[in-house]
Each structure stands twice: as C-alpha cells, then as structure tokens.
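Worksheet: the structure to be examined is printed underneath.
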Amino acid sequence: MKISLDKPIGGKSEINLSEPTFHAVMQMAREIGSDRTEEGAYKGDILLFSLASGLSKEDVEKLPTSKFDEGMKFLKSFEESKIVRNPKSVEVITLDSPIASSEGNDFQELKLREPTVRERRRQKAALGDESTPESYLEGCQSLVMDVSGWPLEVVREIPISKFWEAVNYLVAFFQLGQETGSI
C-alpha cells in the first residue's frame, strides 16, 4: 500500500507499507507489554507502523493522523481471525514466497495437523501466567513451531495473515471438545 504525503517526513514523500510479519506483530505486543491502556495500544501501533514503513517511531509521530489511521487500517486487515469449523486432518498453507533459514533451507509449505496433548501443554506453558498480548503470541508461536517443525527464525518471518491462518486451524481442534458438557 502506498500513502502519499503532502510534506515529506523522514525524507519520504511516499510511504510503502506491506503485510507485517509475525515478528513485527510480536515486537508490537512487547511494546504494549502489560499496559492495557489506550496509550499502550497506540504505542504498539506506532511501532508496527514504523517497522512496516521503515520510518523511525519519531517520524511516524509526525504523520497526519488520517495518514496514520489509513496505514493502520491496512496493517490490521491482515489480523482478522476466521473461525475454522470441522478442520481437515492435515492442512497445508503455502506462502507466496519461501523463507530462507540461516542454514540455507527454504520453507514455503507449512504442513499442519491436529496438535498432540504434549504440543498443547507446551503451548499453555508458553502462555505463562500473564495474560498479555505477548504471552498469547508466544503460546501461538510455540504451537505453530511444534506442529510444523519450522524453526523459530523462520516462523518469525511468516506473513501475519498466514500465521493467523495456521493458528486458527490449530486451535479449531481445541474448540471441538468444548462444544458440549459442563465443567
């Protein structure tokens, strides 16, 4: 997405935004931390915009709010959650382009299946006792890594829409067992 500026900011008269990676969203969550205020969320948005645009956080804060909001609407559009009903036993999510690991291996097809109890337990351990955006993302990251076998350095570079597609598929198995009964 391109955003034209009336006056250049940070030496740019046009800002190019692309889909954020999982790593960028994790950095945003770390910026928010346990600050559940509107300001905390806004600080996270500023960082995400900075990472996606190449502008410094200081330059992002100089943007007209309408341009910032336009960009954030685009960046957040990739995070829509879609409920998966009746998940297939195996799901393959293909990335538009491969991600290279430091060992020179290319990863493009994310092969998923129903998580095991051990993988779900590890996901819950990664969630920890805190209920923060960062801990939630760490739990999701753990689950995707365990089930797919992809290394952390590669999972961090997955486009966020593909990451959420994987998470939505995996957690659909957890929801199946919760449809009936009482606790």
Side-chain angles (χ1 to χ4, degrees), residues 1-84 93 95-96 99 120 122-146 150-172 174-175 178:
M1 165 186 217
K2 293 182 190 232
I3 299 174
S4 296
L5 301 174
D6 296 332
K7 294 187 330 187
I9 295 177
K12 296 182 178 185
S13 56
E14 187 174 84
I15 299 170
N16 292 311
L17 295 175
S18 59
E19 179 177 357
T21 63
F22 169 71
H23 181 64
V25 174
M26 177 64 93
Q27 286 182 283
M28 177 186 75
R30 286 188 178 125
E31 179 79 10
I32 295 169
S34 59
D35 184 355
R36 298 288 182 103
T37 65
E38 287 291 321
E39 181 186 8
Y42 206 58
K43 283 175 24 185
D45 288 348
I46 291 167
L47 177 62
L48 183 63
F49 196 103
S50 171
L51 294 169
S53 67
L55 289 173
S56 69
K57 290 192 296 185
E58 293 76 21
D59 284 339
V60 171
E61 290 183 350
K62 295 174 187 173
L63 288 171
T65 58
S66 61
K67 300 293 184 179
F68 178 77
D69 291 345
E70 178 184 348
M72 286 311 301
K73 182 177 179 184
F74 170 76
L75 294 172
K76 297 285 182 142
S77 71
F78 296 100
E79 296 187 36
E80 293 179 19
S81 182
K82 295 178 179 87
I83 296 172
V84 176
I93 298 172
L95 306 181
D96 293 337
I99 300 170
R120 188 171 183 192
R122 288 172 45 94
Q123 177 236 1
K124 289 183 177 290
L127 287 171
D129 293 333
E130 295 182 46
S131 179
T132 64
E134 181 181 2
S135 65
Y136 176 74
L137 289 172
E138 286 175 349
C140 293
Q141 172 185 277
S142 171
L143 189 61
V144 170
M145 287 172 51
D146 282 349
W150 284 23
L152 174 61
E153 67 173 320
V154 175
V155 169
R156 292 173 57 165
E157 299 306 316
I158 296 173
I160 196 63
S161 63
K162 299 294 186 177
F163 181 81
W164 286 127
E165 185 179 343
V167 170
N168 291 332
Y169 167 78
L170 295 169
V171 300
F174 305 161
Q175 298 162 356
Q178 298 176 8

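Counting begins at 1 with the first residue of the sequence. Bear in mind the structure is a predicted one, so any value in this text is a computation, not a measurement. The basis for the numbers below is simple: all heavy atoms, side chains too, and nothing from hydrogens, waters or symmetry mates.
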Nearest non-hydrogen partners of P133 and I32, listed with the distance:
CG-CG2, 4.4 Å
What are the two closest heavy atoms between L55 and G10, and how far apart are they?
CD2-CA, 4.4 Å
If only atom types and distance count, is the side chain of E19 paired as donor or acceptor with the main-chain N or O of S161 below 3.5 Å?
yes
So for atom CZ, which belongs to R122, do other residues, nucleotides or ligands contribute more than 12 heavy atoms lying within a distance under 6.0 Å?
no
Does K57 come within less than 4.0 Å of E31, counting only side-chain N to carboxylate O?
yes
Kindly give the heavy-atom pair with the smallest separation between L48 and P20, and that separation in Å.
CD1-CB, 3.9 Å
A side-chain contact here means heavy atoms from C-beta on lying under 4.5 Å apart; do F22 and Q141 qualify?
yes
Minimum heavy-atom distance between G71 and L17, given as atom pair plus value:
CA-CD1, 3.5 Å
Could you tell me which non-hydrogen atom of L137 sits nearest to which non-hydrogen atom of A29, and how far apart they are?
CD1-CB, 3.5 Å
Minimum side-chain heavy-atom gap I15-L63 below 4.5 Å:
yes
Is there side-chain contact between K43 and M28, with at least one heavy-atom pair below 4.5 Å?
no
Filter on side chain to side chain donor-acceptor pair (under 3.5 Å), then keep only pairs touching residues 6-17, sequence neighbours left out; what's left?
none
Step through it carefully: locate the ring centre of F74, locate the ring centre of F49, and say whether they are under 6.0 Å apart.
no
Does the side chain of D69 reach to within under 4.5 Å of the side chain of S66, using non-hydrogen atoms?
no
Looking at side-chain heavy atoms only, is the closest gap between T37 and Y42 below 4.5 Å?
no
Calculate, to the nearest 0.5 Å, the distance between atoms CD and OG belonging to E61 and S56 respectively.
8.5 Å
Got a second to check how far F78's CZ is from W164's CH2, nearest 0.5 Å?
14.5 Å
Would you give the length of the straight line joining atom NZ of K2 to atom OG of S18, rounded to the nearest 0.5 angstrom?
11.5 Å
In short, S53 meets V60 closest at the heavy-atom pair OG-CG2, 4.5 Å
CD1 of I9 to NZ of K67, rounded to nearest 0.5 Å, is 10.0 Å
When you compare the side chain of S142 with that of D146, does any pair of heavy atoms fall below 4.5 Å?
yes
Please report the interatomic distance NE2(H23) to CD(Q27), rounded to the nearest 0.5 Å.
3.5 Å
Any side-chain heavy-atom pair of L152 and M145 under 4.5 Å:
yes
Hey, which of V155, I93, T21, V25 is the one that makes side-chain contact (heavy atoms from CB on, under 4.5 Å) with F163?
V155
Beyond-backbone contact of E138 with M26, side-chain heavy atoms, under 4.5 angstrom:
yes
Would you give the length of the straight line joining atom CZ of R120 to atom CG of L170, rounded to the nearest 0.5 angstrom?
11.5 Å
